[in-house]
Amino acid sequence: IHPTGKLFVLSDGEGKHTTVELSEPLGEEISGVLEVVGRVTNQATIMCTSYVQFREDKSPFDLQLYNEALKIIHEFPEYFPFG
Amino acid sequence: QRIRSQNIVPCTVSQLLTAEQVDETFRIRDVEISQVTIMGIIRHAEKAPTNILYKVDDMTAAPMDVRQWVDTDEAGGENVVVPPGTYVKVAGHLRSFQNKKSLVAFKIMPLENMNEFTTHILEIVNAHMILRKNLMSASRVPQSFSSADVGGYGGGGSLPVNGLTAHQSQVLNLIKNCPVPEGMSLQELKVQLHNMSMSTIKQAVEFLSSEGHIYSTVDDDHYKSTDAE
């Protein structure tokens with residue numbers, strides 16, 4: 001997380017990194033797995049409109065498995081339509 | 001021939017919104033659905049005397065209205081409002097009123113393990129694929145499925161039909177219909193089958209070739225069908 005609190009870096013299930021920008025600095029401490037909803041900018045960052053922290057109090061979230069699942073659902077848009 | 005769904009089918013909100021209604025029944029791409037499960041995040045919760053109206057967002061479409069009836073006789077307990085920002089699993093019936101779709105939930109459960117979300121999205125693809133395949137093959141001469149394939153949503157990937165999986169059938173049909181003398185190239189297959197990865201196409205080609213459905217022509221990248229069309 002950047003010192004200004006307006007930027008943080010996420011890494012996904014494949015270890016790839018992406019920068020997330022916020023319009024307002026973070027109002028809280030965040031850690032762990034986050035789901036960010038936002039728009040991709042032309043600098044290949046994400047302009048965040050909202051985020052939610054996944055609960056991992058009972059079990060850790062398997063991010064790699066989730067990544068694999070995403071690839072599968074994108075292979076079958078007829079069974080998993082978007083919009 | 002219709003397959004009446006007595007199952008509870010996992011769905012995306014986008015699928016529910018595009019479901020067609022014929023009289024009392026709903027269909028998603030010909031598969032009849034009634035009881036469904038969705039998984040998403042609560043964006044809004046409104047408590048009324050007889051019901052709680054939630055808006056549940058699974059990111060495939062706009063948040064869906066989910067209504068949960070409150071048992072006015074029971075004290076507290078059962079009907080605590082789930083706060084916005086919580087991921088939940090909803091089981092309920094699909095309804096449509098004045099062309100607007102909604103769900104009437106019989107169960108709303110906050111997710112305790114987010115890995116359930118990963119399972120849910122895979123189950124959606126699997127369930128819809130299998131239900132649709134069952135629908136298609138029900139109108140054909142019965143195939144010889146091994147007992148492990150029939151019933152339930154077990155196993156990964158496609159169900160074999162005619163001894164070939166969906167991927168293999170698609171690849172074979174394209175090769176069969178190719179008019180060019182040197183046959184269909186792998187590159188051309190990839191262009192036509194943009195949903196399929198190159199490795200999936202290559203696997204299908206290898207299988208078809210070993211079974212004798214196709215043969216290579218000018219090189220290992222070009223194939224023709226052994227069925228003279």
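All heavy atoms count here, side chains included; hydrogens, waters and symmetry mates do not. Chain identifiers are assigned alphabetically (A, B, ...) following the order of the sequence lines, protein sequences preceding nucleic acid strands; residue numbering begins at 1 within each chain.
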Smallest heavy-atom separation, A/P81 atom then B/S14 atom, equals O-OG, 2.6 Å
Quick note, side chain to side chain donor-acceptor pair (under 3.5 Å) partners involving residues 106-120 of chain B, not counting sequence neighbours, are A/K58-B/E112, A/S59-B/N113, B/N113-B/N115
OG of A/S50 to CD1 of B/I41, rounded to nearest 0.5 Å, is 7.5 Å
Ring centroids only, cut at 6.0 angstrom: are A/F61 and B/F117 within range, meaning strictly under it? no
When the 4.5 angstrom heavy-atom criterion is applied to A/E78 and chain B, the contacting part is both
Are the side chain of B/T60 and the backbone of A/F82 linked by a donor-acceptor contact shorter than 3.5 Å? no
What do you reckon, is CD of A/E28 surrounded by more than 12 foreign heavy atoms closer than 6.0 Å?
yes
| Under 6.0 Å from the NZ atom of B/K202, do we count more than 12 heavy atoms belonging to anything else shown? | no
Requested in this report: Answer yes or no: does atom CD of A/E24 have more than 12 heavy-atom neighbours from other residues, nucleotides or ligands under 6.0 Å?
Outcome: no
Okay, A/V37 and chain B: the region with an atom under 4.5 Å from a heavy atom over there is side chain
Is the CD atom of B/E20 crowded by more than 12 outside heavy atoms at less than 6.0 Å? no
Turns out that what part of A/L65 lies under 4.5 Å from chain B's heavy atoms comes down to both
Separation between CD1 (B/I121) and CG (A/L70), nearest 0.5 Å, reads 5.0 Å
- prompt: Is a side-chain donor or acceptor of B/Q15 paired with a backbone partner of A/Y79 at a separation under 3.5 angstrom?
  reply: yes
Looking only at B/H128, B/M114, B/R29, the option with the highest number of non-hydrogen pairs under 4.5 Å against chain A is B/M114
So CG of B/N126 and CZ of A/F76: to nearest 0.5 Å the spacing works out to 9.5 Å
Value for CD (A/E35) from OH (B/Y87), rounded to nearest 0.5 Å, stands at 3.0 Å
Most contact-rich option vs chain A, by heavy-atom pairs under 4.5 angstrom, among B/T200, B/V125, B/L17, B/D58, is B/V125
